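Okay, so here's the structure we're looking at.
Model, not experiment: these values are computed from the prediction.
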Amino acid sequence: MKRILTYYFTLFFLFILCSANQPNGESQTNMVNAKYGSNDQEIERKVEELLAKMTLEEKVGQMTQLTLDAISKGEFHDANKPMEIDEEKLKKAILQYHVGSILNTGAYTLSREKWYEIIGRIQEMATKDTRLKIPVIYGIDAIHGANYTVGATLFPQEIALAATWDPKFAEKGGEITAYEVRASAIPWNFSPVLDLARQPLWSRVFETFGEDPYLATQMGLAMVKGYQGENVNHPEKVAACLKHYVGYSYSFSGKDRTPIYMPEWMLREYFLAPFKAAIENGAQTVMINSAEINGVPVHANKYLLTDLLKEELKFDGFSVTDWEDIVMLHTVHKVAPTMKDAVKIGVNAGIDMSMVPYDFAFSEHLVELVKEGQVSMSRIDDAVRRILRVKFRLGLFEKPYYPMTDYPKFGSAEFAQANYEAALESVTLLKNEGNVLPLDKSKKYLLTGVGANSLNYLNGAWTHTWQGVDPQYNTKGKKTILDAVKDKVGAKNVKYVEGTTYDKDVNTSEAVKAARSVDAVIVVLGEIPSTEKVGDIEDLTMPEAQLNLVKEIAKTGKPIVLVLLESRPRIIRTIEPLAKGIINGYQPGDEGGRAIVEVLFGDYNPSGKLPITYPRYPNSLVLHDHKFSEKRDKHFGLNAYNPQWDFGFGLSYTTFAYSDLKLSSNTLKGDEKLSVSVKVTNTGKIAGKEVVQLYTRDEYASVTPNVKRLRRFQKIALNPGESKTVTFTIDKNDLAFVDMNNQWITEPGAFKVMISDLTADFEYIE
């Protein structure tokens, strides 16, 4: 029987490599779901049964994650040399060291056929040639779509999805990404990023759902649902990986992977909130913060990794390090005198899987540490139990991957349309002086600026390559903003001059000359795609070359409309007055060019709202939920808070009026609920969407209260003259905060509800 199964497995592997366009037989979905559905007891039994059979070396192998480079031939990062598995290296990894996980490093986009060839061979060896036949769990950074697979759907980055203020777009994006990642034979996605963008300098702001814990929590929950669904072993779902537990985004210097200083009450009230909610809703894995908090590297912090994550939050999945972070306990953080000490510290703190990623030093040291009694077998068993649990939940033992023909919608027009709709809803209108927008389709335009004719600036990092700057891999047939404007008004009515690179003048003088012969100028400013350490900057101000382009064109007197394609809010204070209209496109993905142009020319009414506070000055980075003391100005008034645009801000081509704010009671007692309703009317001439935002304020508290906190939001659509009453429900938990003893409490007293410019007061009574 065993020989027969091996024979059919081999035939199946050959079949999937050559049958991408062949009719597909009966799906395996029902069989797998029936066997491994939601039966946790059965899974736990299988885990314990397998764990009891494993040697120490096999257990440690499960805790080891290598990069694809470590098992491939030649120079993996050279696209001109096809990537190939090195059989000897693979045998060493799988057969000698029992490696349990491999990840893609972000070299360049591979075809689905290549992914199936690579992963098929890895899984074939793991499930055929090893003693226990444990499948590998393959992980990838599919940050805004299956961005390392040729032809995949590339969604808006998370910051743009947050700008929709509608979780359904995060869920749909997660759902399609999961489908296309699984369609690449991969079951595990290193996403979503649940860090909060509360340090605007940080290079990974674009990967987050913004600065607010409530907004980020709602969007994060939706994306995890999209990834994992109701049953993570479904062939169209993947295991989510929450990044980066916890506090990673709040570096004191603004530089990536640099020290964080925060009291525990702040960590719990703000930064932990999205992780806690996602874990409570079944997120399977977490990736750990590469930095240090209050002098302790998170990879060495037993309190955060074990006491809080596994015991208090009851997380039963597994934790994985970020890139070489066990190594860095020795080489960078300097808390471990040797590499062996680093392994001991990290594993004893609670790390379950180490992204090593190039060699077997972690495995070798960990085996020695267990034999020496410096790491307990119970700690090893805990880690391996968690890893096996996730592998069983994913159904990998029964089906490590599915035939390509099971995924006919990969890269489909249906998926592109969903992508386009998300991009449309994210576009945020920040300025519209004299109703310069929408633009007249009968006029002539100059397109200029670094992002005007670039798919890379529309997509940002994690696009075909790690940094997303190489245009040779861009998705064929997708429109830049220039392409889309030509389609809209005709190529004869459009001029294009590059103007600048990211930070250097190319031909600004030519752009100025061209501006004189058109009716208006669309300047697309942007930030060169980058992430992590590569994205560290010294100044939040937009580069001088781009600012100067706008200043010089302004001298012609022609109306200027700015389009911003940024990974974080870059300061444009000096040129904002020179522009009649300003649109924030964030990094809206492959369909972003079309979406932005639909808004520019009025074929879509913008409804995006800022998920961040957009600063006016590089050294005034106060957030929307600031404390009253942060409002104090140099004259001792309360006027210091003066961002370029506030969190939650966004204009429309129509207007909305708020009225009739009502509370169900002027008191909230104990565990009762309070209903808050408001009437919203479209007072303009066209249909539009509005995001109704409910904030509360604790008037007095034992920990200094915020000026406001976002508690609820809802996006509604209204025709001209139409009104809708929106009702929210809040309770005492929505008024709670973490006190100086790190406990959640709701204190009795006076509170204020704020929706738009309306306010109402109530009292909470225990």
Measuring centre to centre across the rings, with the benzene-like ring taken for any Trp, is Trp462 within less than 6.0 Å of Phe155? no
Below 6.0 angstrom between ring centroids: does that apply to Tyr148 and His464? no
Using the rule given for salt bridge (charged side-chain N to carboxylate O under 4.0 Å, His left out), can you reason through Glu510 versus Lys513, listing the C-alpha separation, both sets of side-chain angles and the distance that settles it, and then say yes or no? CA-CA 5 Å; Glu510 290 183 30; Lys513 181 179 179 181; over 6 Å; no
Tell me the closest heavy-atom pair linking [X] and [Y], and the distance in Å.
| X | Y | answer |
| --- | --- | --- |
| Ala216 | Pro274 | CB-CG, 4.2 Å |
| Leu439 | Val561 | CD2-CG2, 4.2 Å |
| Lys609 | Tyr586 | O-OH, 3.8 Å |
| Lys431 | Leu437 | O-CD1, 4.4 Å |
| Val469 | Pro529 | CG1-O, 3.3 Å |
| Val524 | Leu565 | CG1-CD1, 3.6 Å |

Modelled atom types, side-chain donor and acceptor of [X] and [Y], under 3.5 Å:
| X | Y | answer |
| --- | --- | --- |
| Thr655 | Thr683 | yes |
| Thr177 | His144 | no |
| Tyr457 | Gln587 | no |
| Tyr614 | Glu566 | yes |
| Thr463 | Asn147 | no |
| Thr480 | Asn453 | yes |
| Asn456 | Asn474 | yes |
| Thr258 | Ser253 | yes |
| Asp646 | His624 | no |
| Asp590 | Asn459 | yes |

State, yes or no, whether a side-chain contact exists between [X] and [Y] at a heavy-atom distance under 4.5 Å.
| X | Y | value |
| --- | --- | --- |
| Leu430 | Leu651 | no |
| Leu549 | Ile575 | no |
| Thr696 | Met754 | no |
| Glu538 | Lys255 | yes |
| Ser203 | Val534 | no |
| Pro618 | Asp539 | yes |
| Asn706 | His626 | no |
| Thr613 | Leu610 | no |

Salt bridge flag under 4.0 Å for residues [X] and [Y]:
| X | Y | result |
| --- | --- | --- |
| Asp536 | Lys533 | yes |
| Lys689 | Glu425 | yes |
| Lys479 | Asp487 | yes |
| Glu598 | Lys488 | yes |
| Glu630 | Lys627 | no |
| Asp322 | Lys243 | no |

For Arg568, which of Glu527, Glu211, Glu207 qualifies under salt bridge (charged side-chain N to carboxylate O under 4.0 Å, His left out)? Glu527
Using the rule given for side-chain hydrogen bond (donor to acceptor under 3.5 Å, both in side chains), can you reason through Glu532 versus Trp323, listing the C-alpha separation, both sets of side-chain angles and the distance that settles it, and then say yes or no? CA-CA 11 Å; Glu532 301 188 53; Trp323 191 266; over 6 Å; no
Does the salt bridge (charged side-chain N to carboxylate O under 4.0 Å, His left out) test come out yes or no for Asp603 and Lys441, once each step is laid out? CA-CA 11 Å; Asp603 292 316; Lys441 296 172 189 173; 2.9 Å; yes
Would you sort out whether Ile560 and Val550 count as a side chain to side chain contact (heavy atoms under 4.5 Å, CB included), showing the intermediate values? CA-CA 8 Å; Ile560 295 173; Val550 177; 4.3 Å; yes
Decide yes or no on side-chain hydrogen bond (donor to acceptor under 3.5 Å, both in side chains) for Lys715 and Ser607, but give the supporting numbers first. CA-CA 9 Å; Lys715 197 167 196 175; Ser607 62; 2.9 Å; yes
List the steps and the verdict of salt bridge (charged side-chain N to carboxylate O under 4.0 Å, His left out) for Arg204 and Glu158. CA-CA 10 Å; Arg204 308 186 74 169; Glu158 277 190 23; over 6 Å; no
Any chance you could lay out the side chain to side chain contact (heavy atoms under 4.5 Å, CB included) test for Val563 and Leu525, step after step, and finish with the verdict? CA-CA 6 Å; Val563 177; Leu525 305 180; over 6 Å; no
Determine the interplanar angle of the Phe601 and Tyr445 rings, folded into 0 to 90°, and report it as parallel if under 30°, tilted if 30 to 60°, perpendicular if over 60°. perpendicular
Report the residues that fulfil salt bridge (Lys or Arg N to Asp or Glu O under 4.0 Å) with Lys631, sequence neighbours left out, ordered by chain and then residue number. none
Tyr245 and Met287: CA distance, side-chain angles, deciding distance, side chain to side chain contact (heavy atoms under 4.5 Å, CB included) verdict: CA-CA 6 Å; Tyr245 177 85; Met287 186 177 289; over 6 Å; no
Under the side chain to side chain donor-acceptor pair (under 3.5 Å) rule, collect the residues that match up with Lys444, sequence neighbours excluded. Asn493
With Asp166, which residues qualify under side chain to side chain donor-acceptor pair (under 3.5 Å), at least two apart? none
Step by step, would you call Arg709 with Tyr214 a side-chain hydrogen bond (donor to acceptor under 3.5 Å, both in side chains)? CA-CA 9 Å; Arg709 290 294 298 270; Tyr214 181 74; over 6 Å; no
In a check of side-chain hydrogen bond (donor to acceptor under 3.5 Å, both in side chains) between Tyr248 and each of Asp256, Asn289, Asp195, Thr208, which one passes? Asp256
Full working for side-chain hydrogen bond (donor to acceptor under 3.5 Å, both in side chains) between Ser652 and Asn605: CA-CA 6 Å; Ser652 170; Asn605 189 359; 3.0 Å; yes
Is Ser249 reaching over with its side chain to a backbone N or O of Gly247, donor-acceptor style, under 3.5 angstrom? no
Might you work through the salt bridge (charged side-chain N to carboxylate O under 4.0 Å, His left out) test for Glu576 and Arg573, ending with a clear yes or no? CA-CA 5 Å; Glu576 179 273 329; Arg573 180 188 72 260; over 6 Å; no
